[in-house]
Amino acid sequence: MTTEGVGTVVFLVVLLVAVVVVVLVMRAAASPGGGLRSPRPPRRPRPQRPTRPLAPDDDPEFLRELERRAKRDDGSPT
């Protein structure tokens, strides 16, 4: 191979590598999670809501009242 032939082969290899790199960068930028994004500011913690029962059977006071009524109940209608 002559010097001219070696230079052409090196040029083609560099060109091929450049094309592959450009294709990969384009795919990364087009993917939903890819590309460069500006960083998000840190999230502020949400204030905690006071916990409360979501249903009557979750409410300890309601369950205590049911127990009191069941103990008090002698079979007669209230």
Side-chain angles (χ1 to χ4, degrees):
M1 226 182 215
T2 64
T3 310
E4 197 174 295
V6 173
T8 304
V9 171
V10 170
F11 174 75
L12 290 176
V13 170
V14 170
L15 183 64
L16 180 66
V17 169
V19 168
V20 169
V21 168
V22 168
V23 168
L24 290 175
V25 168
M26 294 296 285
R27 280 191 176 190
S31 67
L36 297 175
R37 293 186 286 169
S38 60
R40 291 182 179 176
R43 288 186 178 181
R44 291 183 295 166
R46 290 184 178 180
Q48 279 207 327
R49 297 180 189 164
T51 57
R52 62 178 177 82
L54 298 177
D57 60 343
D58 292 338
D59 186 2
E61 184 58 38
F62 176 78
L63 295 174
R64 278 191 288 265
E65 180 63 28
L66 279 181
E67 282 185 41
R68 278 186 236 138
R69 287 183 188 177
K71 288 179 184 176
R72 204 175 31 179
D73 191 16
D74 59 0
S76 61
T78 49

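- Hydrophobic clustering (side-chain heavy atoms under 4.5 Å, transitive across Ile, Leu, Val, Met, Phe, Trp, Tyr) keeps Leu16 apart from Leu24.
- Rounding to the nearest 0.5 Å gives a distance of 12.0 Å between OG1 of Thr8 and CG of Leu15.
- Applying the salt bridge (Lys or Arg N to Asp or Glu O under 4.0 Å) criterion to Glu61, with sequence neighbours excluded, gives Arg64, Arg68.
- Taking the side-chain contact (heavy atoms from CB on, under 4.5 Å) definition, one finds that Arg44 meets it with nothing, sequence neighbours left out.
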